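Inspection log for the structure reproduced underneath, given as structure tokens.
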Amino acid sequence: MIVALALSMLFTTVALADVTTSATVKGETLSLGCGFGVDESAMTAEQQTTRVDAVSQYYAAEDDVLAGLAEAGTAAQADVDAYKLGRDARWLLTQMDKAGWTDEQTKAYAEAAALSGDARDTAADALVTSGQLTSEQGAALKVSGTNTSRSINLSDTSAVETATNDLEALRQTLKQTLTDAGITVVETGSGGNANRTDGDDSRRQNTGGKSL
């Protein structure tokens, strides 16, 4: 309830984690996704719930911003769909419970996530066949290797600036929500991969934090 109220009060801005300096305006390119991650080393179950709720609400708000851009003809619907497909796949993978994995399973997943193309798809299928991943997780692992973009091109520079400001305000709200819950935020910047809030298990195997 607290998380929902905090984010809904700033719903016209956005809610995940690419903060003011993270989402940058470069010509007519709008940076999306998040610019920070979290330290999961001592995260409680309650904090994990807060994190999932807050990030999920951010994505809903980000979707509204993207829908407005597409409806206005400023962004191509295909670009928006491709970004959301990859984002949602990364987020699903980030939420996987790996607590029960053996060292061998952890290694197998890391190796699969480091691959690309057909090799990645084959490795993902093998993890599903072995029962380590569900079919949905296996499909997400494949998608996260191809839909990697964290930005879209807009036809109007002023639209980039407006959307960037909206997104940054929502990210700030998310960041504050996580901090208030006692969750340690790890800064990375919107262009990076390690410890990102929106999740990318395939690119942060050796980091101390974790994407949201």
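Please read all numbers here as calculations on a predicted model, not as lab measurements.
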Whether the side chain of [X] engages the backbone of [Y] through a donor-acceptor N/O pair (distance < 3.5 Å, no angle test) should be reported.
| X | Y | value |
| --- | --- | --- |
| E71 | G68 | no |
| Q132 | Q105 | yes |
| S130 | L127 | yes |
| S56 | D53 | no |
| Q47 | G182 | yes |

ILVMFWY network linking [X] to [Y], side-chain heavy atoms under 4.5 angstrom:
| X | Y | result |
| --- | --- | --- |
| V185 | M43 | yes |
| W91 | L85 | no |
| L133 | V143 | no |

What are the two closest non-hydrogen atoms of [X] and [Y], and how far apart are they?
| X | Y | value |
| --- | --- | --- |
| T50 | A181 | CG2-CB, 3.9 Å |
| L93 | S144 | CD1-OG, 3.5 Å |
| K142 | R120 | O-NE, 4.1 Å |
| W101 | M96 | CH2-CE, 4.0 Å |
| N147 | R90 | O-NH1, 3.1 Å |
| A140 | A89 | O-CB, 3.6 Å |

Are side-chain heavy atoms of [X] and [Y] found at a separation under 4.5 Å?
| X | Y | answer |
| --- | --- | --- |
| V186 | V38 | no |
| V80 | L69 | no |
| K98 | T106 | no |
| L32 | S151 | no |

Between [X] and [Y], is any side-chain donor less than 3.5 angstrom from a side-chain acceptor?
| X | Y | answer |
| --- | --- | --- |
| D81 | Q77 | yes |
| D156 | T74 | no |
| E161 | N165 | no |

Could you measure the distance from the [atom1] atom of [X] to the [atom2] atom of [Y]? Nearest 0.5 Å is fine.
| X | Y | atom1 | atom2 | result |
| --- | --- | --- | --- | --- |
| T129 | D125 | OG1 | CG | 6.5 Å |
| L167 | C34 | CG | SG | 12.0 Å |
| D39 | L178 | CG | CG | 12.5 Å |
| D97 | Q48 | CG | CD | 9.0 Å |
| D79 | L30 | CG | CG | 11.0 Å |
| D180 | K175 | CG | NZ | 12.5 Å |

May I ask you to say whether K84 pairs ionically with E62, meaning some side-chain N is under 4.0 Å from a carboxylate O?
-> no

For R51, the option from E40, E46, Q95 that meets side-chain hydrogen bond (donor to acceptor under 3.5 Å, both in side chains) = E40

Does NZ or CZ of R150 lie under 6.0 Å from the centre of the six-membered ring of Y83, at an angle within 45° of the ring axis?
-> no

Stepwise side chain to side chain contact (heavy atoms under 4.5 Å, CB included) test for I152 and T29 = CA-CA 6 Å; I152 59 173; T29 298; over 6 Å; no

